[in-house]
**Student:** 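Structure in structure tokens, see below.
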Amino acid sequence: MREHGGHLLQSWNWGEFKHRHGWVPERTLVENSNGVAMAQVLFRHQGPVSIGYVPRGPMIAGDAARLWPELRSLIDDMARRRRAISVIIEADRPLGLTGRFRDAGLVVGPEHIQPVRTVKVPLLDDEALLAQMHQKTRYNVRLAARRGVQFRRLPSTPESTVDFYALMEDTARRNEFAIHSLDYYADFLELFGDDAVLMGAWSEDGKLAAMLIAASFGSEAIYMYGASSTENRAHGAGFALQFEAMKWARERGCTTYDLWGIPAQDPEMTKDDNSN
């Protein structure tokens, strides 16, 4: 999957991670003279039936018109064994198919589970990386440097994970959204190991301001989870922490950093703003 440009959510580690939290992963592969196609399907069981889900997949490298029918047949076999009432596919990129959805054995599905839109930042050198950011973002990154914000890459110990979770709870209360359990984030860090990073930002007086978890897969790094302190999040700490995560990703040989979700519509204040 990695060598063919597949997505992290189609990786073996992601399947094992989701297995710990109620999903059952199944994987399938088609490999022949037409190319390679593969999919990781996550099944969620409820009573005698299940729902199948292919997050950011499948991956098709080659003649999609010939590979897709074979792959779809294997996915159908899985679904029948799992008594799935449907399989939801959220591809990371166009599958290379032509014609109508129905001709490919597909129908338009429900609302997206994963973010509909994102921004993927090319990981250039520091100055070029800053230059491609919005003016306000650049200002906040530089403000953090002027205000003495400090950054650290943290080992994924129980203590550091608890600190991260406390910030997640703070952020969830402030912004009114649901979060996962503490074990969810701890399991992610454990299973992805060196391919993940837990980073924090501290104000000049040593107060924890923001933390994030990012992960790399192939040539891409992804911002997975993040949180900030209601009391101490000033001085551009959150913006600058993302900049530090981009530098971590670049050190690992990644060429892009996925911010993993932006609003479906541009805010009014930025629609007509073409400045950097």
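Small disclaimer: the values here were computed from a predicted structure and weren't measured. FYI, side chains are in, hydrogens and waters are out, and symmetry mates aren't considered; it's all heavy atoms of this structure.
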**Student:** Are Asp126 and Phe243 side-chain neighbours, meaning at least one heavy-atom pair lies under 4.5 Å?
**Tutor:** yes
**Student:** Is Arg66 reaching over with its side chain to a backbone N or O of Ser33, donor-acceptor style, under 3.5 angstrom?
**Tutor:**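 No, Arg66 side chain to Ser33 backbone: no donor-acceptor pair under 3.5 Å.
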**Student:** For Asp76, enumerate each residue passing the salt bridge (Lys or Arg N to Asp or Glu O under 4.0 Å) test, keeping only those at least two apart in sequence or located in another chain.
**Tutor:**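 So Asp76 forms no salt bridge (Lys or Arg N to Asp or Glu O under 4.0 Å) with any residue.
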**Student:** State whether the side chain of Arg72 and the backbone N or O of Ala104 hold a donor-acceptor pair below 3.5 Å, judged by distance alone.
**Tutor:** yes
**Student:** Would you please name every residue forming a salt bridge (Lys or Arg N to Asp or Glu O under 4.0 Å) with Arg147, sequence neighbours left out?
**Tutor:** none
**Student:** Just checking, is any N or O donor in the side chain of Ser11 or Asn13 under 3.5 Å from an acceptor N or O on the other one?
**Tutor:** no
**Student:** Donor-acceptor check, side chain of Tyr165 to backbone of His180, threshold 3.5 angstrom: yes or no?
**Tutor:**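 Yes, because the side chain of Tyr165 sits within donor-acceptor range (under 3.5 Å) of the backbone of His180.
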**Student:** Kindly write out the residues that satisfy salt bridge (Lys or Arg N to Asp or Glu O under 4.0 Å) with Asp125, not counting sequence neighbours, or none if the list is empty.
**Tutor:** none
**Student:** Who clusters with Tyr139? Use side-chain heavy atoms, under 4.5 angstrom, across I, L, V, M, F, W and Y, and order the result by chain and number.
**Tutor:** Leu143
**Student:** Identify, with sequence neighbours excluded, every residue that meets side-chain hydrogen bond (donor to acceptor under 3.5 Å, both in side chains) alongside Ser86.
**Tutor:** none
**Student:** Could you give the side-chain donor-acceptor pairs of residues 188-199 under 3.5 Å, partners two or more places apart or in another chain?
**Tutor:**
unit_1, atom_1, unit_2, atom_2, d
Glu190, OE1, Arg20, NH1, 3.2
Glu190, OE2, Arg20, NH2, 3.2
Asp195, OD1, Arg252, NH2, 2.6

**Student:** Taking the side chain as everything from C-beta on, heavy atoms only, tell me whether Gln132 gets closer than 4.5 Å to Pro122.
**Tutor:**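 The answer is yes; the side chains approach within 4.5 Å.
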**Student:** Once side-chain hydrogen bond (donor to acceptor under 3.5 Å, both in side chains) is applied, do any residues pair with Gln114, and if so which ones, sequence neighbours excluded?
**Tutor:** Tyr53
**Student:** Remaining members of Trp12's ILVMFWY cluster at a side-chain heavy-atom cut-off under 4.5 Å?
**Tutor:**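 Result for Trp12 is none, singleton.
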**Student:** Evaluate the side-chain proximity of Phe177 to Thr171: yes if any heavy-atom separation is below 4.5 Å, no if none is.
**Tutor:** yes
**Student:** I'd like to check the side-chain contact (heavy atoms from CB on, under 4.5 Å) partners of His45; sequence neighbours left out, ordered by chain and number.
**Tutor:**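 Testing His45 for side-chain contact (heavy atoms from CB on, under 4.5 Å), a comparison that skips the adjacent residues, returns Val24, Phe43, Ser50, Arg82.
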**Student:** Looking at residues at least two apart in the chain, or sitting in another chain, which of them share a side-chain hydrogen bond (donor to acceptor under 3.5 Å, both in side chains) with Glu70?
**Tutor:**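 Here the qualifying residues are Asn32.
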**Student:** Does Gln10 use its side chain to pair, donor to acceptor, with the backbone of Gln40 at less than 3.5 Å?
**Tutor:** yes
**Student:** Test of understanding: with side-chain hydrogen bond (donor to acceptor under 3.5 Å, both in side chains), list the residues that count as partners of Arg80, not counting sequence neighbours.
**Tutor:** Asp77
**Student:** Would you confirm whether Tyr223, through its side chain, and Tyr257, through its main-chain N or O, come within 3.5 Å as a donor-acceptor pair?
**Tutor:** no
**Student:** Would you say Arg138's side chain and Met133's backbone share a donor-acceptor pair under 3.5 angstrom?
**Tutor:**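 Yes, Arg138 side chain to Met133 backbone: donor-acceptor pair under 3.5 Å.
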**Student:** If you round to the nearest 0.5 Å, how far is CD1 of Ile113 from CD1 of Ile88?
**Tutor:**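 So the CD1 of Ile88 and the CD1 of Ile113 are separated by 4.5 Å.
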**Student:** Please tell me if the side chains of Arg81 and Glu26 come closer than 4.5 Å, counting only heavy atoms from C-beta onward.
**Tutor:**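 Result yes, sub-4.5 Å side-chain heavy-atom pair found.
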**Student:** Mind checking what makes salt bridge (Lys or Arg N to Asp or Glu O under 4.0 Å) contact with Asp163, not counting sequence neighbours?
**Tutor:**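 Residues passing salt bridge (Lys or Arg N to Asp or Glu O under 4.0 Å) with Asp163: none at all.
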**Student:** Please check if the side chain of His7 supplies one atom and the backbone of Leu9 the other of a donor-acceptor pair under 3.5 Å.
**Tutor:**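 Such a contact is found between His7 side chain and Leu9 backbone.
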